[in-house]
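Worksheet for the structure shown next.
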Amino acid sequence: MKERSLRLAIQKSGRLSKKSLELLKAAGIRIDNYSRQLLVKAQNFDLEILFIRDDDIPEYVQDGVADIGIVGENEILEARKELNVVEKLGFGKCRLSIAVPKHFKYESIKDLEGKNIATSYPVILENFLSEKNINASVHKISGAVEITPNINLADAIFDIVSTGSTLVSNGLKEVEEVIKSEAVLVSSKNLSEPKKALLDQILFRIRSVNLAKNNKYILLNAPNDSLDKITALLPGIKSPTILPLAMEGWSSVHTVIEEDDFWERIENLKNAGAQGILVVPIEKMIV
Ligand code: PRT
Ligand code: ZN
């Protein structure tokens, strides 16, 4: 019997859905007509996509109902499932923090002793409190955690924070950052060899896409007597390409630089004599 395709679980509708689909598309995996279906086959890759709630993804992947999944690290830690985290994906970034009403005189974690804390992530919170030797009562609440202190249901909350504006608009302040999280690609611990090979192919594509996103192709002109200074400022994948310009005494320099320290590097390049700097996005990058 032919083994079924590799099956990927992604969030059906929520904060990670759009980015997960965009990543598949950028990796050249085509899925048509996916609206409102639970399970869809990719057009041009031996892959099925299962659309489910994010809370269910860790369990489905552990049990082998899906082979791989895209989910927030927070959901994996909370679910305590045995999974392999294959790759961090760089989207869905947030932190999970403890927050208290803004007038609460908070000096240290000891101020949480004996308090009631509401959260949708009791496992992560209990681990943190026991690591810090704090006895507090943890109440599991499934939604709108941020309103509980205002209605006297809790003294503090533990929740996902991204910009922090939800906390502020509920009169709360962030006092302890417990973990950082982002979307990750996870896989079941017992994939068959053919499925592992498919996963490797997908992973190779995802890495090329994400690497390209974090890098820019840069072209600039420089007088030949500044070339040493300029190439010293450019890391490149190997080393920069240098081509003579039609104008005597000038060259064109091409290389790849990382997005992170981009502006700082451009500034240094200008100071070293670079002119006509062009910066171009890269679509895929294979190293
Ligand atoms: O229906 P389903 O169960 O699939 O979805 P869900 O409602 O449980 O999850 P969803 O779609 O809200 O979030 C999915 C994942 O996105 C989370 O598990 C996190 O890994 C990640 N993520 C990233 C976030 C946020 N950022 C975020 N800001 N998840 C939730 N939030 C909430 C947060 O709780 C707060 O109440 O957004 C609100 C606004 O945040 P501020 O700080 O920007 O105001
Ligand atoms: Zn959920």
Side-chain angles (χ1 to χ4, degrees), residues 7-24 31 34-40 49-63 65-66 68-81 83-102 117-128 138-151 153-154 156-187 206 210 213:
R7 189 178 285 168
L8 164 71
I10 66 172
Q11 193 185 21
K12 186 174 165 62
S13 86
R15 283 167 201 269
L16 304 182
S17 309
K18 190 163 160 257
K19 288 272 172 61
S20 304
L21 288 167
E22 280 171 6
L23 182 61
L24 291 179
I31 40 172
Y34 55 81
S35 61
R36 271 172 280 158
Q37 285 185 54
L38 179 68
L39 190 66
V40 175
I49 295 103
L50 179 66
F51 293 87
I52 51 179
R53 286 198 55 192
D54 69 342
D55 315 50
D56 296 331
I57 293 176
E59 189 172 345
Y60 275 43
V61 175
Q62 180 186 266
D63 297 349
V65 179
I68 58 178
I70 296 178
V71 65
E73 285 172 296
N74 52 308
E75 292 298 333
I76 300 169
L77 289 172
E78 185 62 27
R80 279 183 298 195
K81 301 290 179 199
L83 302 170
N84 290 331
V85 173
V86 184
E87 185 83 352
K88 291 194 182 230
L89 298 174
F91 61 88
K93 286 191 177 172
C94 56
R95 53 194 189 273
L96 274 75
S97 295
I98 298 175
V100 297
K102 63 175 185 250
I117 312 177
T119 185
S120 306
Y121 297 94
V123 172
I124 300 173
L125 178 59
E126 305 252 21
N127 281 343
F128 175 74
V138 173
H139 297 277
K140 184 173 179 180
I141 295 209
S142 43
V145 169
E146 64 278 3
I147 65 161
T148 54
N150 289 321
I151 53 175
L153 264 179
I157 67 163
F158 172 62
D159 201 5
I160 296 178
V161 183
S162 146
T163 60
S165 62
T166 303
L167 294 183
V168 172
S169 61
N170 284 282
L172 302 170
K173 61 180 178 190
E174 189 176 353
V175 291
E176 299 284 342
E177 178 181 306
V178 176
I179 57 160
K180 285 196 193 313
S181 174
E182 68 183 87
V184 289
L185 180 69
V186 291
S187 86
I206 288 178
N210 281 343
K213 234 187 253 165

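As the structure is a prediction and not an experimental result, all values here were calculated from the model. As the structure lists them, so they are numbered: ligands from 1, and atoms in each ligand from 1. Basis for what follows: all heavy atoms, side chains included, without hydrogens, waters or symmetry-related copies.
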Do V71 and D55 have side-chain heavy atoms sitting under 4.5 Å apart?
no

Report yes if some heavy atom in the side chain of V61 is under 4.5 Å from a heavy atom in the side chain of K81; otherwise report no.
no

Provide the number and element of each atom of ligand 1 under 4.0 Å from a heavy atom of [X].
| X | answer |
| --- | --- |
| G14 | 11 (O) |
| T163 | 41 (P), 42 (O), 43 (O), 44 (O) |
| G72 | 20 (O) |
| V161 | 42 (O) |
| G92 | 21 (C), 23 (C) |

Over 12 foreign heavy atoms within 6.0 Å of OH, Y121:
yes

To the nearest 0.1 Å, how far is [atom] from its closest protein heavy atom, and which atom is that?
| atom | value |
| --- | --- |
| atom 5 (O) of ligand 1 | Q11 NE2, 2.9 Å |
| atom 33 (C) of ligand 1 | I160 O, 3.3 Å |
| atom 40 (O) of ligand 1 | T166 OG1, 3.6 Å |

Do [X] side-chain atoms and [Y] backbone N/O form a donor-acceptor pair below 3.5 Å?
| X | Y | result |
| --- | --- | --- |
| K173 | K102 | yes |
| N150 | N170 | yes |
| E75 | D54 | no |
| S162 | C94 | no |
| R15 | G92 | no |
| E73 | E182 | yes |
| T119 | I157 | no |

Minimum-distance N/O/S atom that D55 presents toward the Zn ion (ligand 2):
OD1

The Zn ion (ligand 2) is nearest to which N, O or S atom of D54?
OD1

Does any N or O atom in C94 lie less than 3.5 angstrom from one in ligand 1, N or O only?
no

Test your reading of the structure: does R15 have an N or O sitting under 3.5 Å from an N or O of ligand 1?
yes

Does the protein place any heavy atom closer than 4.0 Å to atom 7 (O) of ligand 1?
no

Heavy-atom nearest pair, L8 first then G69, reads CD1-CA, 3.8 Å

Proximity of [X] to ligand 1 by residue part, where a heavy atom lies under 4.0 Å:
| X | answer |
| --- | --- |
| L16 | side chain |
| N74 | side chain |
| E75 | side chain |
| V71 | neither |
| R53 | both |

Donor-acceptor pair between E174 and S97 side chains, under 3.5 angstrom
yes

Which option, D54, D159, N170, owns the non-hydrogen atom nearest atom 2 (P) of ligand 1?
D54

